[in-house]
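Following: one structure in structure tokens, then a few remarks.
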Amino acid sequence: PNYHHQHQSGSTPWRNPLRSQGLSTRRELYERDFPVYKQPVEVGCFSLDSERRFFNDSRQMRYYVEPDRNPNFDLKDGYKDRFVKRDDGEKEKLDNILRWIVANRSKLDSRETTASSRALDVDFVTWRGHLTKLLTTPYETRDSWLLAVTRFRGTLYISEVETEAARRDRENRTERNAEMMYWGYKFEQYTCADDIHSLPDPSGVVNTNEAFCTVVQTRLADHRLLFSGEVDCRDKDPAAPAPPACYVELKTSAEICTPKQRSNLHRFKLLKWWAQSFLPGVPRIVAGFRDHEGVVVSVETFHISKISHLIKNEYNCWKPTVCMNFCSDFLSFVKHVATEDNPSVVYLFSWEPHRDVTFSIHRDSQYSFLPHWFIQEMTS
Ligand code: 0WD
Ligand code: CA
């Protein structure tokens, strides 16, 4: 494993010696064979309604309606008068996944059920989006991250903590940036219908409280994972393969006019798109390319299994194996570090570009994130 122990210099003996243990994020260290990544299996799903209420069902599922190749969708439409935006200052942490676990415990209960043993049959519980950040870390040069980890009844829960820089960016978002974030949701409205027999309704309200999330189980090397991710829509053909193979991820991106722009899409954006959809086994991405005025001028489908070939000819490009091996080694590092099984202890892992991953330990702090109702439910 790519973590090392530096000897503590005598001048700072009061420093927590564990602070000097880090995990390297250098790409070269992770260029080995692709690790085992089992086919993700959907074990359930849940929905969040227009008021962000949780439902243990698929009521928010939407159905993909293939648009014209050159559709001229106006993504600006409705931003001023038909947009209900979720309050993203309200941190939900893992709460909705934990609600799903409580409602579906019988599906997950471990066969070993003594009071001290693990309650769930998985090593890690987290959001798909947190794993995406881990996969892309060896190639990230701008954004840092903070991940809080708690070991509780043998399972490691990973929940993101917003960095100071991310909070500043969120609070000082320009009007242009806020509007561009809306464009992605508007594209979903142009391409998704509420049921298999209806058509998209672009005259309706865009409400970002609404979400349909899949819950999948898989294994990366020797790490058993349970995670959830938001899914945009599914193939409306009832004969389509079972989830997650029928799911479709929707994206918008700036229109491509030059070979250099195409190369940049491959080298930077496809890394994030690939990581996000590969993790839950979503096989395709439909991208709407828009001009500066927010009008979708063309639509293109990317098959996840073809992305690694598509990028092979790019100079100095990212490699899927580096992403997966780094994630696997990070999870090993977490297992090694987060040893105390206690819901009020948080191991806070932090990373900044060009640095190693480091950690600090916090007891009964602001970082504790497992709610009392969850601890109580899982202890009984
Ligand atoms: O509070 C937080 N810090 C976070 C909340 C961080 C990450 C996720 N979430 C919530 C989201 O609101 C949503 O309910 O978790 C769920 C999505 O989890 P995920 O699938 O693990 O997240 P990710 O893969 O990063 O994003 C998937 C989609 C996004 O699609 P695009 O195509 O833009 O990648 O979920 C949406 C968005 O549509 N999404 C959000 N929507 C509102 N607020 C947010 C957010 N903070 N993050 C992702
Ligand atoms: Ca999307």
>> Assigning hydrophobic clusters by single linkage (Ile, Leu, Val, Met, Phe, Trp, Tyr; side-chain heavy-atom cutoff under 4.5 Å), is Val248 placed with Phe278?
In response: no
> Quick one: do Arg27 and Glu31 make a salt bridge, cutoff under 4.0 Å?
Replying inline: no
>> Let's go through Thr137 and Trp145 carefully: what are the C-alpha distance in whole Å and the side-chain angles of both, what is the deciding distance for side chain to side chain donor-acceptor pair (under 3.5 Å) to 0.1 Å, and is it a yes or a no?
In response: CA-CA 9 Å; Thr137 295; Trp145 50 250; 2.9 Å; yes
>> For the CG atom of Leu134 and the OG1 atom of Thr126, what is their distance to the nearest 0.5 Å?
In response: 8.0 Å
> Would you call Glu140-Lys272 a salt bridge at under 4.0 Å N-O?
Replying inline: yes
> What is the minimum heavy-atom distance between Phe302 and Ala287, and which atoms define it?
Replying inline: CE1-CB, 3.9 Å
> Same hydrophobic cluster for Val282 and Leu250, using side-chain heavy-atom links shorter than 4.5 Å among ILVMFWY?
Replying inline: no
> Any chance NZ of Lys251 has more than 12 other-residue heavy atoms, nucleotides or ligands included, within less than 6.0 Å?
Replying inline: yes
>> Run the side chain to side chain donor-acceptor pair (under 3.5 Å) test on Gln217 and Lys107 for me, step by step, so that the C-alpha distance in whole Å, both residues' side-chain angles and the decisive distance to 0.1 Å come before the verdict.
In response: CA-CA 12 Å; Gln217 225 175 319; Lys107 290 191 201 173; over 6 Å; no
>> Is it the case that over 12 heavy atoms from other parts of the model lie below 6.0 angstrom from the CZ atom of Arg170?
In response: yes
> Should the heavy atoms of other residues, nucleotides or ligands under 6.0 Å from NZ of Lys319 be counted, would the total exceed 12?
Replying inline: no
> Do Glu90 and Arg52 meet the salt-bridge criterion of a basic N to acidic O distance under 4.0 Å?
Replying inline: no
> What are the two closest non-hydrogen atoms of Pro244 and Pro283, and how far apart are they?
Replying inline: O-CD, 3.6 Å
>> Apply salt bridge (charged side-chain N to carboxylate O under 4.0 Å, His left out) to residues Glu210 and Arg62 and explain how you reach the verdict.
In response: CA-CA 11 Å; Glu210 297 174 6; Arg62 292 181 299 174; over 6 Å; no
>> Any carboxylate oxygen within less than 4.0 angstrom of a Lys/Arg side-chain nitrogen, looking at Arg82 and Asp77?
In response: yes
> How many angstroms lie between NZ in Lys93 and OH in Tyr157, if you round to the nearest 0.5 Å?
Replying inline: 15.5 Å
> Phe289, Val296: one ILVMFWY side-chain cluster at the under-4.5 Å cut-off?
Replying inline: no
> Does the separation of the ring centres of Phe326 and Tyr30 fall below 6.0 angstrom?
Replying inline: yes
> By side-chain contact (heavy atoms from CB on, under 4.5 Å), which residues pair with Ser328, not counting sequence neighbours?
Replying inline: Leu220, Ala221, His223
>> Suppose we screen for side-chain hydrogen bond (donor to acceptor under 3.5 Å, both in side chains). Which residues come up paired with Thr214, at least two apart in sequence or across chains?
In response: Glu42
> Looking only at atom types and distance, does a side-chain atom of Trp273 sit under 3.5 Å from a main-chain N or O of Ile304, one as donor and one as acceptor?
Replying inline: no
> Between Asp121 and Arg224, does at least one N-O distance fall below 4.0 Å, as a salt bridge requires?
Replying inline: yes
> Do Val231 and Val286 sit in the same hydrophobic cluster, where Ile, Leu, Val, Met, Phe, Trp and Tyr count as joined when their side-chain heavy atoms come under 4.5 Å apart?
Replying inline: no
> Are there more than 12 heavy atoms of other residues, nucleotides or ligands under 6.0 Å from atom CG of Asp194?
Replying inline: no
>> Tell me whether the count of non-hydrogen atoms from other residues, nucleotides or ligands lying under 6.0 Å of CG in Asp68 goes above 12.
In response: yes
Anything under 3.5 Å between a donor and an acceptor, one on a side chain of residues 252-260, the other on a protein residue two or more places apart or in another chain? List them.
| from | atom 1 | to | atom 2 | distance (Å) |
| --- | --- | --- | --- | --- |
| Ser253 | OG | Lys269 | NZ | 3.1 |
| Thr258 | OG1 | Gln261 | N | 3.1 |

> Quick check: are there more than 12 heavy atoms from other residues, nucleotides or ligands sitting under 6.0 Å from CD of Gln376?
Replying inline: no
>> Quick check on the hydrophobic clustering: are Val125 and Trp373 connected, directly or via other members, by side-chain heavy-atom contacts under 4.5 Å?
In response: yes
>> Parallel, tilted or perpendicular: which one describes the rings of Tyr182 and Tyr79, with boundaries at 30° and 60°?
In response: tilted
>> Suppose we screen for side-chain contact (heavy atoms from CB on, under 4.5 Å). Which residues come up paired with Pro353, at least two apart in sequence or across chains?
In response: Ser144, Trp351
> Arg153 side chain to Met378 main-chain N or O, any donor-acceptor pair under 3.5 Å?
Replying inline: yes
> For Ser203, which residues count as a side-chain hydrogen bond (donor to acceptor under 3.5 Å, both in side chains) partner, sequence neighbours excluded?
Replying inline: Asp201
>> Would you say NZ of Lys91 has more than 12 non-hydrogen atoms from neighbouring residues, nucleotides or ligands within 6.0 angstrom?
In response: yes
> Side-chain contact, heavy-atom cut-off 4.5 Å: Leu156 with Tyr347?
Replying inline: no
> If you look at every heavy atom in Phe46 and Asn96, which pair is closest and at what distance?
Replying inline: CE1-CB, 3.9 Å
> Is any NZ, NE, NH1 or NH2 atom of the basic residue among Glu179 and Arg176 found under 4.0 Å from an Asp or Glu carboxylate oxygen of the other?
Replying inline: no
> Does CD in Glu171 sit with more than 12 non-hydrogen atoms of other residues, nucleotides or ligands closer than 6.0 Å?
Replying inline: yes
>> Show every ring pair (Phe, Tyr, Trp, His ring centres under 6.0 Å) that has at least one partner inside residues 57-76, sequence neighbours left out.
In response: Phe73-Tyr190
>> Assess whether a salt bridge exists between Glu66 and Arg284, defined as any Lys/Arg side-chain N lying under 4.0 Å from an Asp/Glu carboxylate O.
In response: no
> Charged N to carboxylate O under 4.0 angstrom, Asp341 versus Arg151?
Replying inline: no
